[in-house]
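Written below as structure tokens is the structure these notes are about.
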Amino acid sequence: MTAHPYERDGVPRPAVKVTVSDPMRHSSVDLEARIDTGFDGGLLIPLDHYLGLGLQLYEEPSSSFAARSALGVTVSLRSSTGVAQVEGGRFQCTIYTSPFLLHPLLGRDLLNRWMVTLDGPSSELTISHRGGA
């Protein structure tokens, strides 16, 4: 169990370091992903990282769809299977991208695989493992 201080670029936000790789684990990238409890998917990463990992090669034909942002704007998302690792816990998950995304977001599909505590008054995020793949 490790406590992570909130990201401090303006407004304090919970964030965690994530290693993202393609399903075959040929390439990977380390990212700082903001925790987004309003996103029910796995991991949303910028397009340049998505393409750099070659995730477009693992997309299903029907992997593009529309989603609604917190501001109510409809955004087109692409998705692929990939692997996310946080503190040694490694999980296969769906990884999404959009050309409009500025910061990686870690959603509830992945959060539900760990024991996560968001401590607002202390500005700390704590993660405990449940097990990995």
Donor-acceptor under 3.5 Å (Ser122 side chain, Glu124 main chain): no
Non-hydrogen atoms of Arg108 and Thr37 that approach each other most closely: NH1-O, 2.6 Å
Minimum heavy-atom distance Ile95-Tyr50, with the two atoms named: O-CE1, 3.7 Å
Steps toward side-chain contact (heavy atoms from CB on, under 4.5 Å) verdict (Gln56, Thr97): CA-CA 10 Å; Gln56 71 277 14; Thr97 192; over 6 Å; no
Separation of Arg13 CZ from Tyr6 OH (nearest 0.5 Å): 12.0 Å
Reported CE-to-CG distance for the pair Met24 and Leu57, which is rounded to 0.5 angstrom: 12.0 Å
Rounded distance [0.5 Å steps], OG1 in Thr19 versus CD in Glu87: 11.0 Å
Smallest separation among heavy atoms of Ser79 and Glu59, with atom names: O-CG, 3.1 Å
Gap between atom OG of Ser21 and atom CD of Gln85 - 0.5 Å precision: 8.0 Å
Connected via hydrophobic side-chain network under 4.5 Å: Val83 and Val29: no
Residue list, salt bridge (Lys or Arg N to Asp or Glu O under 4.0 Å) with Asp48, at least two apart or on another chain: none
For Pro46 against Leu101, the heavy-atom pair lying closest together: N-CD2, 3.5 Å
Shortest non-hydrogen separation from Tyr58 to Asp22 and the atoms involved: OH-OD2, 3.6 Å
Reported CD-to-CG distance for the pair Glu32 and Leu106, which is rounded to 0.5 angstrom: 11.0 Å
Test log, rule side-chain contact (heavy atoms from CB on, under 4.5 Å), inputs Asp119 and Thr126: CA-CA 8 Å; Asp119 185 345; Thr126 305; 6.0 Å; no
Intermediate values then yes/no, side-chain contact (heavy atoms from CB on, under 4.5 Å), Asp30 and Val18: CA-CA 6 Å; Asp30 293 326; Val18 181; over 6 Å; no
Single-linkage hydrophobic cluster, 4.5 Å side-chain cutoff, Val73 and Leu105 together: yes
Asp109 and Thr94, any side-chain heavy atoms less than 4.5 Å apart: no
Min side-chain heavy-atom separation Leu111-Ile35 under 4.5 Å: yes
Sub-4.5 Å side-chain heavy-atom contact between Leu31 and Ile45: yes
Same apolar cluster (I L V M F W Y, side chains within < 4.5 Å links), Leu110/Leu125: yes
Least distance between heavy atoms, Leu43 atom then Ala33 atom: CD1-CB, 4.2 Å
Pairwise side-chain contact, Leu47 with Arg78, heavy-atom cut-off 4.5 Å (strictly under): yes
